[in-house]
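What follows is a set of notes on a single structure, which appears directly below.
Here, residue 1 is the first one in the sequence, and each next residue gets the next number. Note: hydrogens, waters and symmetry copies are ignored here, and every other heavy atom, side chains too, is used.
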Amino acid sequence: MKLWKRLTGIGVAALLLFATACGGTGSNPGASGGDAPTGERSLYTIKVLVTSTGNTVVKRSDETPVGKVIKDKFNIVFEFIPFSGDYRDKLNMMLASGDYPELLRVERQDLVTKYINAGAALPLDDYLKDAKYFNETNKPSIPFWRLPASDGKLYKWETNVPQDVNNFCECNDIAIRSDILKEQGYPKLLSTDDYVEFLKKAIAAHPTTNGKKTLGVVAPFAESWGMAGIMPIMYEKGDKYISVGNEGVIFNIKDQKFEDMLLNAYTKESYQFFNKLYREGLLDNESFTDTLTQVTEKVNSGQALGFYYTMWVKDSVNTTLEKAGHPELGYVQLPIQTNTMVKEGQKKNLRLETVRPYDSIIITKNAKDPKRIFELIDWISSEEGQTLLQSGVEGVHYKRVDGKRVLTDEFKKGYREDPNYLSKQGIGVGMSFLGLRLLTAKDNQPYNLLNDTAASDEFSLTKTVADTYKTLGWANSKDWFRKNGVPAPGGLASGIVIDPISSEGMISQKIVELRVKNSAKLVMAKSEAEFEQIWQALMKQYQALNPQKVVDKYNELFQQQQAKVKEYTK
């Protein structure tokens, strides 16, 4: 997992390689009417490679309600092939051998270009002529999707984009135990100093929790996106910058340019925050070696006073605590900003992706019937198709009340009680590679009803957590973020990739390695003075690598890509 995979809306985990939701087809969801192809067609089984974060609970798409709808309409079934390991390495190996599936998710623009240049990806332009929905619904995105090809043809689509602020609020800040908030009079926490003082009082008052030593803040720094990504990420908590990955740059949303990550003042404040937590005994020492699995175990018991960044586990954790008889230990998602951001009165950028090369999908030359595959992709672009992917089957997952889609009790119960419910239903994992847009439907509701905060809060929040938000003065779990946030579309920024074998690419790798190598050392400094000494030594080594050359290259590519988009938009 990397920061490129941070889709974390309720029910559609931001962190998935293949994320799916499902939707209905009216009162008879299995019917083959509407825009589905007519006539008898043989069963078309397509293998899809998925990782441990994909659909590993279900073996075939037709085992799910959504998959059955697709099979009834198109007689297409997806067979999910589990994969564990480095996915980019796997993509490179498959390309070298020519042994890749018919439909393939490709991570990031550089590998998309490699597949195109090798003739492994099929151009889609011929199919666009007969498309009913794809061209119109994806009109803003198609110019961006043409960028990796030197011939200007369309070889891919992307999933999980575009996004709008009403359907997507990442808000991966910090979660704090509700009992501690209550005990201290529900303080309005925001600055890093606020949290340090709050946590000092809390750990002094609660040295143990349920017979175990109370931990302060836990974080999965052992993940590939831990040290490299979330440790320095306080820079994105204000209104000036957004994250564009775990590389050496960040994006200035106001000035529309790339800047160096490590040299940013807010990045330094991020390290200083964790250093202060560490010196005060408020950062779990095992965070440096903990993966998300270990962090989740610790918060499932309520042992930690808070956890950092991984908000997508919050609802399941709170349900676990409630079932264990400790609802008072439920975690509440809160905002956090650096001390400087608070002093400056900054708003919070709500990062929205315009492009998502990390989730690029291609039809490969190994496809037995690419036209038939694209017919399905085209239909998925329709209102009916998007509702299928994101709302569930009508009468099963949602019903219509006064013309509005409303989640059924069956769905609410299943989602709340079974952590694999979405997978088993075909919702949330498995088929977003068909093309999923995190937007509002024409009926003025989110395609994914789980993105309706009021609706999702109704059954995803425990009573204790819901009451805590109410006491804090929040209308719902995202109220502060919506009131204090500003939409921050990333545009082309997250799609810019430097050739790893170029001189700038090699420098980029070195500056990232140097940053990650020194991160733990900075956080574990015994005093502010020692932190500053380590920081200055790091700056000296860092500047010697000429990081500005990397920043300049990013901005050069950014300008070039902008010109191409304008050309393709004509």
*asked:* Donor-acceptor check, side chain of Glu63 to backbone of Gly426, threshold 3.5 angstrom: yes or no?
replied: no
_Against Tyr447, only a single residue in Arg437, Arg405, Gln390, Lys442 fulfils side chain to side chain donor-acceptor pair (under 3.5 Å); can you say which?_
Arg437
*Would you sort out whether Leu147 and Leu492 count as a side chain to side chain contact (heavy atoms under 4.5 Å, CB included), showing the intermediate values?*
CA-CA 10 Å; Leu147 290 176; Leu492 273 171; 3.3 Å; yes
*Locate the shortest heavy-atom distance separating Gly325 from Pro327; write the atom from each residue and the value.*
C-CD, 3.3 Å
*Check Tyr155 against Leu124 and note the closest heavy-atom contact, atom names and distance.*
C-CD1, 4.1 Å
*Nearest heavy-atom pair of Pro220 and Leu292: which atoms, and what distance?*
CB-N, 3.6 Å
*Charged N to carboxylate O under 4.0 angstrom, Arg108 versus Glu247?*
yes
*Looking just at side-chain N and O atoms, do Gln294 and Thr291 make a donor-acceptor pair shorter than 3.5 Å?*
yes
*For the residue pair Tyr44 and Glu102, confirm or rule out a side-chain donor-acceptor distance under 3.5 Å.*
yes
*Sub-3.5 Å donor-acceptor pair from the side chain of Tyr331 to the main-chain atoms of Met311, do we have one?*
no
*Taking Asn366 for the side chain and Gly98 for the main chain, is one N or O donor matched with an acceptor at less than 3.5 Å?*
yes
*Under 3.5 Å, side chain of Ser178 to main-chain N/O of Val465, donor-acceptor pair present?*
no
*asked:* Using the side chain to side chain contact (heavy atoms under 4.5 Å, CB included) criterion, which residues pair with Val486? Sequence neighbours excluded.
replied: Asp239, Lys347, Asn349
*Is there a side-chain contact between Ser61 and Ile70 (heavy atoms, below 4.5 Å)?*
no
*Hey, do the aromatic rings of Phe144 and Tyr568 have their centres closer than 6.0 Å?*
no
*With a 4.5 Å heavy-atom cut-off, do Asn138 and Trp157 have their side chains touching?*
no
_Close side-chain approach of Asn318 to Glu322, heavy-atom, < 4.5 Å_ = no
*Can you tell if the side chain of Asp359 reaches within under 4.5 Å of the side chain of Glu158, non-hydrogen atoms only?*
no
*Find the distance between NZ (Lys59) and CD1 (Ile81) and round it off to the nearest 0.5 Å.*
10.5 Å
*Identify the two heavy atoms, one from Pro101 and one from Met94, that lie closest to each other, and give their separation to 0.1 Å.*
CD-SD, 4.0 Å
*asked:* For Asp369 and Lys371: C-alpha separation, side-chain torsions, deciding distance, then whether side chain to side chain contact (heavy atoms under 4.5 Å, CB included) applies.
replied: CA-CA 6 Å; Asp369 195 339; Lys371 182 179 180 181; 3.9 Å; yes
*Ion pair present between Asp290 and Lys298, side-chain N to carboxylate O less than 4.0 angstrom?*
yes
*Could you tell me whether the side chain of Asp110 reaches within less than 4.5 Å of the side chain of Arg88, counting heavy atoms only?*
yes
*Donor-acceptor pair, side chain of Asn75 and main chain of Arg41, under 3.5 angstrom*: yes
*Please report the closest heavy-atom contact between Ala121 and Ile362, naming both atoms and the distance.*
CB-CD1, 3.9 Å
*asked:* ring pair (Phe, Tyr, Trp, His ring centres under 6.0 Å) for Phe374 and Phe134? Distances and angles first, verdict last.
replied: CA-CA 9 Å; Phe374 193 80; Phe134 187 91; 5.1 Å; yes
*Please lay out, stage by stage, how Phe411 and Tyr398 fare under the test side chain to side chain contact (heavy atoms under 4.5 Å, CB included).*
CA-CA 8 Å; Phe411 179 93; Tyr398 75 92; over 6 Å; no
*Do we see a donor-acceptor contact under 3.5 Å between the side chains of Lys156 and Ser360?*
yes
*Hey, could you give me the OG1/CZ distance between Thr462 and Phe459, rounded to the nearest 0.5 Å?*
13.5 Å
*Can you find a heavy atom in the side chain of Leu439 that is under 4.5 Å from one in the side chain of Pro162?*
yes
*Are more than 12 heavy atoms from other residues, nucleotides or ligands located less than 6.0 Å from atom NZ of Lys368?*
yes
*Any side-chain donor-acceptor pair under 3.5 Å between Asp457 and Asn476?*
no
*Taking only Lys NZ, Arg NE, NH1 and NH2, and the carboxylate oxygens of Asp or Glu, determine whether Asp62 and Arg60 approach each other closer than 4.0 Å.*
yes
*For the residue pair Leu461 and Ser477, establish whether any side-chain heavy-atom pair is separated by less than 4.5 Å.*
yes
*Quickly, which of Thr310, Val332, Ile336 forms a side-chain contact (heavy atoms from CB on, under 4.5 Å) with Ile174? Name it, please.*
Ile336
*Ile377 and Tyr127, any side-chain heavy atoms less than 4.5 Å apart*: no
*When rounded to the nearest 0.5 angstrom, what is the spacing between CD in Glu410 and CD in Gln425?*
6.5 Å
*Going from CG on Leu449 to CD1 on Ile427, what distance comes out if it is rounded to the nearest 0.5 angstrom?*
10.0 Å
*So, the side chain of Ser494 versus the backbone of Val355: is there a donor-acceptor pair under 3.5 Å, distance only?*
yes
*Heavy-atom closest pair, residues Val299 and Ala304*: CG1-CB, 4.1 Å
_Backbone N/O of Thr319 and side chain of Arg416: donor-acceptor pair under 3.5 Å_ = no
*Output the distance between atom CG (Leu104) and atom CZ (Phe433), rounded to the nearest 0.5 Å.*
11.0 Å
*Arg482 and Thr453: side chain donor to acceptor below 3.5 Å*: yes
_Closer than 3.5 angstrom, by distance alone: can the side chain of Tyr87 be matched with the main-chain N or O of Arg105 as a donor-acceptor pair?_
yes
*Run the salt bridge (charged side-chain N to carboxylate O under 4.0 Å, His left out) check on Lys348 and Asp173 step by step: do they pass?*
CA-CA 11 Å; Lys348 177 181 173 60; Asp173 286 16; 3.2 Å; yes
*Applying side chain to side chain contact (heavy atoms under 4.5 Å, CB included), run through Phe78 and Leu103 and close with a yes or a no.*
CA-CA 10 Å; Phe78 298 99; Leu103 195 62; 4.0 Å; yes
*Atom SG of Cys171 and atom CZ of Phe481: how far apart are they, to the nearest 0.5 Å?*
5.0 Å
*asked:* Quick check against the 3.5 Å criterion: does Ser287 have a side-chain atom that pairs as donor or acceptor with the backbone of Ala219?
replied: yes
*Give the ring-plane orientation class for Trp312 versus Tyr309, where under 30° counts as parallel, over 60° as perpendicular and anything between as tilted.*
perpendicular
*Does the pair Asp467/Lys463 count as a salt bridge with the N-to-O cut at 4.0 Å?*
yes
*Do Gln163 side-chain atoms and Leu438 backbone N/O form a donor-acceptor pair below 3.5 Å?*
no
*Salt bridge check: are Lys412 and Glu458 linked by an N-O gap of less than 4.0 Å?*
yes
